[in-house]
Amino acid sequence: MEFQQRTVFCGTLRKFDVGSEVTLNGWVQKRRDLGGVIFVDLRDRTGIVQTVFNPEINAAAHEIGDKVRTEYVISVKGKVVERDPETINPNMLTGEIEIQVEEIEIINQAKTPPFFIEDDVDVDEQVRLKYRYLDLRRPQMFKTMQLRHKVTKMFRDFLDGHEFLEIETPMLTKSTPEGARDYLVPSRVHPGEFFALPQSPQLFKQLLMVAGYERYFQIVRCFRDEDLRADRQPEFTQVDIETSFLNMEDLLTMMEEMMAKIVKELKGIEIETPFQRLTYADAMDRYGSDKPDLRFGMELVDISDIAQTCGFQVFNGTVNRGGQVRGINVKGCAHYSRKDVDDLMKFAGKYGAKGLAWMAFKDDEIKGPIAKFFTEQEIATIKDRLQVENNDLLLFVADKAKVVADSLGALRLKFGKELGLIDESKFAFAWVVDFPLVEWDEEAKRYVALHHPFTRPRPEDLHLFDSEPGQIRAQAYDMVLNGYEIGGGSMRIYKRDIQEKMFKALGFSQEEANEKFGFLLEAFEYGTPPHGGIAFGLDRIIMILAGASSLRETIAFPKTASAKDLMTNAPDAVDAKQLEELSIRISIPPNQKS
RNA sequence: GGAGCUGUGGUGAAGUUGGAGUUCACGCUGGACUGUCACUCCGGAGGUCGCGGGUUCGAGUCCCGUCAGCUCCGCCA
């Protein structure tokens, strides 16, 4: 059975269409039956228009209109007519007109949906995810998917305009050490062997540089089998970029230009370039984070020197053991109750802080149990350094650097959000640079690459390989936006001797390195250009541009926090026969049955 | 692996000191209604209180366990 095809979209009709004969296809948003006349709001992806079924116009159509229900798929033919002035609906873009229906065809019936197809629908996300195809009918979701399409296209257009080639790399690839846990795919042809889904096309893009492709990009799905967060999905999309014969400055400049252009075109906001740059050390010291939200201040202030000489044992003891004491000024919160502060302590405790010292300044009075350990002079210095005014609350953490940064950094963000210090309309871009090349892993008892094993060290730090590898700074950079890491990359090692030093620092023998990255190392022997690149997290960028707080809002079919798809119920058990073909036997410890 | 919050007709919620599956709104359904757009009015249907166990004469409510969703820590660039 053929149906009457649309001549125009619902949401596009306006007053100047009055008089024209149109056919519309779409879903029934709402039916209002007034006995004689029936109104049906018809929706497609462009919007909603009111159609009118009047028995005096067409009795047959009116009769069918009576049977129509929510979410039925229909085709209506009729005339666009102007509404009487008193019946104009100013809340609808199409509110000045309506469709006088002459023919209607029910293309498909529909069950009543479990929730209303409308924005700001108050329904549990579990239900939305199970019926994602209905959720996606909501105008807001159309908007987000449209935004995603646009941004993706802008990336493509910009990179195309800068001589980049989009090249696909394999999804079925080799598991490599370092980095996240791999998603594995068993090979039927090679029993007992596995492909890994890419965590990123890292090695392939470097090989494309060896191959002389100069400028590569790819908008590509990546997979990481790690636990989820609001801003972390097990499969996500990267805008993956690699260049040859381009130094770091030129690459960063180009990437700034790209992001500024996208924000400008989408939001009409002029982004200042070059972006602010912070060293990793600075970011950690001042914001307690390697992805600081620069939309507000409340920086972490070091008072270790004062703490060391003060009478408070927790403070001077921590500093004497090599730790530090830092504080933040929570403006106007001197009124916090004992319980408020207790809650803050609990919060800081999640990040390893063993305590939270506080001082409140209210009308020339200093409150807080630690105040008595400081001399007048010390208090004055603290007030000066933290720019204390009346009614301010100071919070201090004394611990090793990581704990101080993590806990105060988290508190800073919490206050930023709760005290409304963040200007939501702002786009605060920054580069974080000079990351350490390697980091000591207490568990593995060896250094591990902070970025990855092919990251180029800064030339002036090369001599530290033999003495203090932890002090070497990498030519690595993260692009940060509003407290999210939206991109990261590095210049890569292209000299064999440096690569060997790197592997040595990571505790890989030549044999191990060959076994794991042999193909890459071999390729590097055939004329490797200086190269480097970056990868952007497309989903996160969309999330920020859409003003969403979860990646799930930006992905058409996302997974839950336990990495499940509630709509398809994947992952799921498979047939014994399939397993047999793959030479796989399932062995689940009895306490892990799900 | 750990912590917190949540789970009650299709949806969202309320449910007191432990006393009958009780309530509200929306939706659904039958009827009435010719200018509604949150249509209105009258009637009706709809439940494994996430699941399992325990305490109790009696559990939506208390206890233990468990599952699911969300957020966070660990993990992850």
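Just so you know, these numbers come straight off a predicted model, no measurement behind them. Residue numbers start from 1 in every chain, and the chains themselves are labelled A, B, ... in the order their sequence lines are given, proteins ahead of strands.
- Ile241(A) has its CD1 atom 19 Å from the P atom of rA77(B), to the nearest Å.
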Return the polar atom pairs (N/O with N/O) between nucleotides 38-44 of chain B and the protein under 3.5 Å, or none.
{"residue": "rC39(B)", "atom": "OP1", "partner": "Lys30(A)", "partner atom": "NZ", "Å": "2.8"}
{"residue": "rC39(B)", "atom": "N4", "partner": "Asp33(A)", "partner atom": "O", "Å": "2.2"}

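- Across residues 398-420 of chain A, not one residue has a non-hydrogen atom less than 4.0 Å from an atom of RNA chain B.
- Atom CD of Gln100(A) and atom P of rU36(B) are 17 Å apart (whole Å).
- Using a 4.0 Å heavy-atom cutoff across all strands shown, Thr560(A) reaches sugar-phosphate atoms only and no base atom.
- Summarising the local packing, CH2 of Trp431(A) is surrounded by more than 12 heavy atoms from other residues, nucleotides or ligands at distances under 6.0 Å.
- Rounded to the nearest Å, the gap between the C1' atom of rG35(B) and that of rU40(B) is 13 Å.
- Within the 4.0 angstrom heavy-atom criterion, base atoms lie near Glu56(A).
- Judged by distance alone, with hydrogens and angles left aside, Arg69(A) brings no side-chain donor or acceptor close enough to the base of rG27(B) to form a pair under 3.5 Å.
- A donor-acceptor contact under 3.5 angstrom links the side-chain atoms of Arg232(A) to the base of rC75(B).
- Across the protein-nucleic acid pair, Leu13(A) atom CG and rC37(B) atom C1' stand 17 Å apart, rounded to whole Å.
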Problem set entry | Under 4.0 Å protein heavy-atom contacts per nucleotide of nucleotides 9-15 of chain B, with B for base, S for backbone only and - for none | -SSS---
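- A salt bridge links Arg458(A) to Asp434(A): one of the charged nitrogens lies within less than 4.0 Å of a carboxylate oxygen.
- No contact: Arg540(A) has no heavy atom under 4.0 Å from any strand.
- Scanning atom types as modelled, no donor and acceptor separated by under 3.5 angstrom connect the side chain of Asp84(A) and the base of rG35(B).
- Within 4.0 Å of Thr70(A), counting heavy atoms only, lie sugar-phosphate atoms of the nucleic acid but no base atom.
- Between the CG atom of Leu551(A) and the P atom of rC70(B) there is a distance of 13 Å, rounded to whole Å.
- Across the C1' atoms, rA45(B) and rC26(B) are found 16 Å apart, a figure rounded to whole Å.
- Leu450(A) comes within contact range of at least one nucleobase, with a heavy-atom separation under 4.0 Å.
- Residue side chain Glu98(A) reaches the base of rG35(B) through a donor-acceptor N/O pair under 3.5 Å, judged by distance alone.
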